[in-house]
Amino acid sequence: MDNSDVILSVQNVNKSFPGVRALTDACITVRKGTVHGVVGENGAGKSTLMKILSGVHTKDSGTIVFDGQTVENTTPIQSIRSGLSIIYQEFNLVNTLTVGENIFLGRYAEMNGMRNIHKNARELLDSIGSKIDTHKMVSDLSAAEKQMVEISKALSFNSKLIIMDEPSSSLTADELKQLFVLIGDLRKKGVTIIYISHKLDEIFELCDTVTIIRDGKVIDTKPIAELTRNEMIAKMIGREIENEYPERPHAAGETIMNVETINTRKLKNIAFELKKGEILGFVGLVGAGRTEIVRAIYGADKAKELKILINGRKVKIKNPRDGMRAGVGLLPEDRKLEGLVLPFSVQANVIMSSLWRISKFGFVNASKEKEIAERQIKSLSIKAPSPHTKVKTLSGGNQQKCIMGRWLEINPDILILDEPTRGIDVGTKYEIYLLIKRIAENGGSVIMISSELPEVLAMSNRVLTICEGRISGEFNPETDSAHTIMDAAIG
């Protein structure tokens with residue numbers, strides 16, 4: 001390969017943290033004006049490599065050449081000014097400032113005042129086809145709009161290479177199409193993109209080349225046309241998975257929950273049944289009301305009217321404690337914000353739903369606490385150095401397993417899973433699918449919400465479509481087409 005065609009060359013880069021070898025002789029070559037995919041399981045080393053490139057971490061050894069210049073220890077601001085920007089999955093924006101102020105954050109004097117800040121911000125947003133008002137507060141933006149601001153901020157530094165880390169995780173289908181168009185436009189302008197995603201459909205649709213990382217090592221780099229989906233998965237996880245989804249259980253029995261009505265400001269006359277041993281899928285656009293339904297059932301949100309029968313008995317659910325007592329568990333959509341206490345240990349997070357069982361007079365039985373945590377860590381293969389490891393240091397998949405373990409310990413009759421595999425790698429996804437299947441086969445009932453339609457259709461026994469706060473249809477995913485189901489979801 002002609003070196004003049006190369007924007008980034010990483011050769012034999014190593015990085016270790018206390019007790020962990022994060023990267024071993026990592027090598028990657030990225031060509032100018034391409035979209036270069038990077039895939040691997042959570043904890044494989046993708047983020048560590050990107051943080052070294054962007055100056056967040058320093059490498060232990062190895063060589064990095066960016067745009068013809070050898071890069072030694074750098075800082076994030078030096079990296080950005082050299083033309084290499086990174087857009088993290090969790091946006092690096094100040095909600096209390098305007099769009100323009102965020103794009104030129106820290107450069108007020110350099111821009112010679114606020115009028116020029118907004119003038120230049122407008123030009124940058126126009127260049128990527130965005131009509132966002134530069135005077136609008138970032139707190140009022142959608143996820144897609146925030147992404148536009150991040151991209152504009154990167155372009156304001158004349159970035160030659162933009163790293164996008166899970167850029168589609170919070171986007172609707174229409175917003176994702178808009179992002180794909182924008183990436184295509186950036187590529188035409190000569191901007192290089194490194195695209196990190198667990199969603200393999202996106203990798204195959206967008207990328208020219210893909211690098212596969214496993215256990216801190218680069219396993220392979222190939223043109224996307226030379227890889228099949230199954231080959232990519234096998235290289236990512238180190239083993240073959242014949243199918244991405246296990247065979248769905250078929251043991252649905254009598255009705256365990258009868259939702260007679262739910263009414264809120266958003267939800268209108270929601271009514272449905274859930275069978276024992278059934279996986280019931282909810283399909284709908286973001287904002288359709290899927291999450292609002294399950295939060296009302298669990299007691300996390302108040303409802304104007306809520307009539308529910310569980311095991312034939314009327315239950316009053318006004319808060320999550322009532323939900324738990326009624327036999328309902330919820331794995332929430334945002335695991336970090338609503339599902340975990342990030343500064344606490346794995347053990348403390350796993351035993352939260354069991355505290356009432358192992359406490360007396362306000363004191364927790366330490367030996368039982370340890371026993372529960374170790375049982376779930378072993379049962380779910382949670383990868384943590386010890387039960388006392390802070391949960392915030394774990395990968396997304398292992399964090400999700402901690403919440404699953406919390407509920408499996410008390411074995412609720414009904415487990416609600418809201419986006420259970422968001423931001424999780426292929427191998428861990430399969431493990432979670434097997435857990436969901438196991439719950440249903442053991443007589444538990446599952447309500448599953450996912451923005452990934454193939455996931456819902458492959459795992460569910462029955463599907464309800466939600467549109468504008470109403471149930472718009474009921475389908476059999478084995479006989480009804482994905483097109484028919486999405487038509488009902490879109491309305």
Engineer: When you check the side-chain N and O atoms of Asn14 and Ser16, is any donor under 3.5 Å from an acceptor?
Structural biologist: no

Engineer: Should Val391 and Phe344 be marked as a side chain to side chain contact (heavy atoms under 4.5 Å, CB included) after you check the CA-CA gap, both sets of side-chain angles, and the distance that decides it?
Structural biologist: CA-CA 6 Å; Val391 77; Phe344 284 17; 5.6 Å; no

Engineer: Is there a donor-acceptor pair under 3.5 Å between the side chain of Asp418 and the backbone N or O of Ile449?
Structural biologist: no

Engineer: Which word best sums up how the rings of His57 and Phe17 line up, parallel for under 30°, tilted for 30 to 60°, or perpendicular for over 60°?
Structural biologist: perpendicular

Engineer: Tell me which one of His198, Glu452, Gln400 satisfies side-chain hydrogen bond (donor to acceptor under 3.5 Å, both in side chains) with Lys429.
Structural biologist: Glu452

Engineer: Have a look at Ile64 and tell me which of Ile28, Ile52, Thr70 forms a side chain to side chain contact (heavy atoms under 4.5 Å, CB included) with it.
Structural biologist: Ile52

Engineer: Tell me whether the count of non-hydrogen atoms from other residues, nucleotides or ligands lying under 6.0 Å of CD in Glu468 goes above 12.
Structural biologist: no

Engineer: Using atom types as modelled and distance alone, determine if a side-chain donor or acceptor of Arg229 lies under 3.5 Å from a backbone N or O of Phe204.
Structural biologist: no

Engineer: If you take all heavy atoms of Ser156 and Leu124, which pair is closest and at what distance?
Structural biologist: CB-CD1, 3.5 Å

Engineer: Side-chain contact, heavy-atom cut-off 4.5 Å: Val99 with Asp133?
Structural biologist: no

Engineer: Does the pair Asp185/Lys189 count as a salt bridge with the N-to-O cut at 4.0 Å?
Structural biologist: no

Engineer: Can you tell me if Lys268 has over 12 outside heavy atoms packed within less than 6.0 Å of its NZ?
Structural biologist: yes

Engineer: Which one of Leu417, Ile447, Ile416 satisfies the side chain to side chain contact (heavy atoms under 4.5 Å, CB included) criterion with Phe282?
Structural biologist: Ile447

Engineer: Under a 4.0 Å threshold between the charged nitrogen and the carboxylate oxygen, would Lys59 count as salt-bridged to Glu72?
Structural biologist: yes

Engineer: Any donor and acceptor pair, going by atom type alone, linking the side chain of Arg107 with main-chain N or O of Ala109 inside 3.5 Å?
Structural biologist: no

Engineer: Please lay out, stage by stage, how Leu161 and Val191 fare under the test side chain to side chain contact (heavy atoms under 4.5 Å, CB included).
Structural biologist: CA-CA 6 Å; Leu161 172 62; Val191 178; over 6 Å; no

Engineer: Between Leu8 and Thr192, is there a side-chain heavy-atom distance shorter than 4.5 Å?
Structural biologist: no

Engineer: Taking side chain as C-beta onward, heavy atoms only, is Leu155 less than 4.5 Å from Ile162?
Structural biologist: yes

Engineer: Where is the tightest heavy-atom contact between Pro387 and Ser345, given as atom of each residue plus distance?
Structural biologist: O-CB, 3.6 Å

Engineer: CG/Leu331 to CD1/Ile436 distance, rounded to the nearest 0.5 angstrom?
Structural biologist: 9.0 Å

Engineer: What do the steps show when you test Glu419 against Arg290 for salt bridge (Lys or Arg N to Asp or Glu O under 4.0 Å), and what is the final call?
Structural biologist: CA-CA 11 Å; Glu419 301 287 3; Arg290 302 169 306 172; 3.7 Å; yes

Engineer: Before accepting this row, confirm whether a basic side-chain N of the pair Arg31/Asp208 lies closer than 4.0 Å to the acidic partner's carboxylate O.
Structural biologist: no

Engineer: Working to the nearest 0.5 angstrom, can you tell me the gap between Met404 CE and Glu431 CD?
Structural biologist: 11.0 Å

Engineer: Out of curiosity, Ile414 CD1 to Ile308 CD1, how far, rounded to the nearest 0.5 Å?
Structural biologist: 8.5 Å

Engineer: Assess whether a salt bridge exists between Arg265 and Glu292, defined as any Lys/Arg side-chain N lying under 4.0 Å from an Asp/Glu carboxylate O.
Structural biologist: no

Engineer: Would you compute the distance between atom CD1 of Ile297 and atom CD1 of Ile317 and round it to the nearest 0.5 angstrom?
Structural biologist: 8.0 Å

Engineer: I want to check something: taking the side chain as every heavy atom from C-beta on, are Leu394 and Ile382 in contact at a cut-off of under 4.5 Å?
Structural biologist: yes

Engineer: Please answer whether the main-chain N or O of Asn269 pairs with a side-chain N or O of Arg470 as donor and acceptor at a distance below 3.5 Å.
Structural biologist: no

Engineer: Do Leu141 and Met148 have side chains that get closer than 4.5 Å, going by heavy atoms?
Structural biologist: no

Engineer: Between Thr211 and His36, does any side-chain donor sit less than 3.5 Å from a side-chain acceptor?
Structural biologist: yes

Engineer: Is the backbone of Val341 close enough, under 3.5 Å, to the side chain of Asn349 for a donor and an acceptor to pair up by distance?
Structural biologist: yes

Engineer: How far does CG of Asn102 sit from CG of Leu93, to the nearest 0.5 angstrom?
Structural biologist: 5.0 Å

Engineer: For the NZ atom on Lys32, are there more than 12 heavy atoms of other groups (residues, nucleotides or ligands in this structure) within a distance under 6.0 Å?
Structural biologist: yes

Engineer: Kindly give the heavy-atom pair with the smallest separation between Pro320 and Ala300, and that separation in Å.
Structural biologist: CG-CA, 4.1 Å

Engineer: Would you indicate whether the side-chain heavy atoms of Ile490 and Cys467 approach each other to under 4.5 Å?
Structural biologist: no

Engineer: Check whether Lys153 reaches the backbone of Asn92 with its side chain - one donor and one acceptor, N or O, closer than 3.5 Å.
Structural biologist: yes

Engineer: Any Lys/Arg nitrogen of Arg81 or Glu110 sitting under 4.0 Å from an Asp/Glu carboxylate oxygen of the other?
Structural biologist: yes

Engineer: How far apart are the closest heavy atoms of Ser47 and Asp165, and which atoms are they?
Structural biologist: OG-OD2, 4.0 Å

Engineer: Are Glu150 and Tyr88 close enough that a side-chain donor and a side-chain acceptor fall under 3.5 Å?
Structural biologist: no

Engineer: Is the closest side-chain donor-acceptor distance between Ser54 and Ser79 under 3.5 Å?
Structural biologist: no

Engineer: Using a 3.5 Å distance criterion without hydrogens, assess whether the side chain of Lys15 forms a donor-acceptor pair with backbone atoms of Thr58.
Structural biologist: yes

Engineer: Please report the closest heavy-atom contact between Ser130 and Arg122, naming both atoms and the distance.
Structural biologist: O-NH2, 2.9 Å

Engineer: Just wondering, do Leu125 and Ile103 contact through their side chains at under 4.5 Å, heavy atoms?
Structural biologist: yes

Engineer: Check Ser450 against Val456 and note the closest heavy-atom contact, atom names and distance.
Structural biologist: CB-CG2, 3.5 Å

Engineer: Apply the test side chain to side chain contact (heavy atoms under 4.5 Å, CB included) to residues Lys401 and Asn398: give CA-CA distance (whole Å), side-chain angles for both, the deciding distance (0.1 Å), then the verdict.
Structural biologist: CA-CA 5 Å; Lys401 286 181 183 180; Asn398 285 299; 4.1 Å; yes

Engineer: Roughly how far, to the nearest 0.5 Å, is the CG atom of Leu340 from the NZ atom of Lys390?
Structural biologist: 14.5 Å

Engineer: For residues Pro167 and Ile87, determine if any side-chain heavy atom of one lies less than 4.5 Å from a side-chain heavy atom of the other.
Structural biologist: no

Engineer: Is Arg295 salt-bridged to Glu333, going by a charged N under 4.0 Å from an acidic O?
Structural biologist: no

Engineer: Would you please say whether a donor-acceptor pair under 3.5 Å links the side chains of Ser82 and Gln69?
Structural biologist: no

Engineer: Sub-3.5 Å donor-acceptor pair from the side chain of Ser472 to the main-chain atoms of Ala488, do we have one?
Structural biologist: yes

Engineer: Could you tell me whether Asp215 atom CG has more than 12 heavy atoms of other residues or ligands within 6.0 Å of it?
Structural biologist: no

Engineer: Under a 3.5 Å distance rule, please check whether Arg335 uses its side chain to pair with a backbone N or O of Arg422 as donor and acceptor.
Structural biologist: yes

Engineer: Given Val6 and Val65, is the side chain to side chain contact (heavy atoms under 4.5 Å, CB included) satisfied, shown in steps?
Structural biologist: CA-CA 9 Å; Val6 174; Val65 178; over 6 Å; no

Engineer: Tell me whether Thr465 contacts the main-chain N or O of Gly473 through its side chain, where contact means a donor paired with an acceptor under 3.5 Å.
Structural biologist: yes

